[in-house]
Amino acid sequence: MRPHILVTKRVFPETIAFLEQHANVDYQSADEGLTPEELMARAHGKQAILSQITDAFSRDVLARLKGLGVGMIAHMGVGYDNIDVPAATDHGILVSNTPGVLDDTTADLAFALLMAAARRLNEAHAFVHSGQWKRFSLDLMVGVDIHHRTLGILGMGRIGQAVARRAAGFSMRVLYHNRTRLAADREQELHAEWVPREQLLRESDFLSIHLPLSAATRHSIGEAELRAMKPTAVLVNTARGPIVDEAALAKALAEHWIAGAGLDVFEREPQVHPGLLACPNAVLAPHIGSATVETRMKISRMAAENALAALSGRRPPNLLNPAVWESWTSRPEGAG
Ligand code: DGY
């Protein structure tokens with residue numbers, strides 16, 4: 001029997017066509033996605049859900065989905081803080097994500113934000129666009145150098161490492177802080193030096209955040225950390241908004257505790273703290289870290305492949321809770 005999959009919001013037509021080769025697809029083709037109640041109604045009779053970051057899977061939601069027979073959430077994205085994975089594990093629901101395919105694209109955007117904030121590109125663009133540019137001036141839109149400066153990377157996973165590789169082209173000194181130190185040969189390859197967190201904050205000219213969001217990392221950059229940074233420093237966040245205390249950051253930018261910020265993620269997306277909107281030294285983007293056609297296509301395909309693998313009895317390649325896999329395959333209703 002063909003399995004049934006729910007796709008919670010708009011994806012590429014190619015993804016739907018691919019899924020439909022193997023399954024019956026209930027497709028919410030709008031960008032709005034589903035409310036929790038709509039999700040429950042539509043999840044009825046589905047074995048898998050293809051989800052996006054705006055879908056919230058709390059313990060309660062997962063318990064109800066389990067009751068409806070949903071066995072797999074194939075998430076489109078590398079970050080999965082919108083899914084209570086331990087609760088999914090308790091309920092025997094498989095969860096997968098899409099690691100690896102978006103590292104370089106997200107690192108590109110982190111670097112683009114770093115450069116834009118350093119060289120005041122958003123201000124420069126607005127200046128030209130609004131007709132204010134009348135003549136060349138020696139000190140017009142002067143920014144700060146990027147080359148030969150110190151890049152600090154907080155969170156040295158795959159994306160952090162991809163950012164470090166880009167820094168080599170700018171002859172930057174690379175410092176990083178991560179709970180686990182990289183192997184010596186990897187540090188050598190990246191020309192990256194592990195330092196304590198306090199030193200990272202103190203010495204970075206650019207601080208780029210690449211941590212996952214968790215209870216431990218929420219607001220891990222707040223007033224104390226921002227005050228510890230150089231007044232000439234630029235903060236870049238392409239990871240998750242709530243890692244940074246946005247109110248503290250708005251104050252830091254307005255009062256010039258730091259020089260600028262490049263932000264792709266926010267605490268309450270799509271809302272942005274009004275203080276940040278008022279800061280000319282903040283370059284803001286609407287959560288587009290992995291947003292290139294190629295990469296978003298790869299993410300969608302990878303999530304679809306994870307879902308279809310589970311439904312045809314194969315272990316999903318990007319499973320986040322492997323403990324569930326054994327019980328899944330031994331279910332009386334089988335794996336697809
Ligand atoms: C990711 O992959 O985590 C992106 O932020 C989109 O969810």
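If you read the sequence from its start, that first residue is 1, and numbering goes on from there. One-based numbering, in listed order, for ligands and for the atoms of each.
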Does CZ belonging to R173 count more than 12 external heavy atoms closer than 6.0 Å?
yes

Backbone N/O of L102 and side chain of T106: donor-acceptor pair under 3.5 Å
yes

So which protein residues pack against ligand 1 under 4.0 Å, heavy atoms counted?
I53, G77, V78, G79, L102, R240, H287

Taking atom types as modelled, find out whether N306 and N318 have a side-chain donor-acceptor pair closer than 3.5 angstrom.
yes

With no hydrogens and no angle check, do the side chains of H147 and S171 hold a donor and an acceptor under 3.5 Å apart?
no

Count I, L, V, M, F, W, Y as connected when their side-chain heavy atoms are under 4.5 Å apart, and connections chain through other members. Are I53 and I73 then in the same cluster?
no

Hits for ring-ring contact (aromatic ring centres under 6.0 Å, His included) against F12, two or more places apart or cross-chain, chain-then-number order -> none

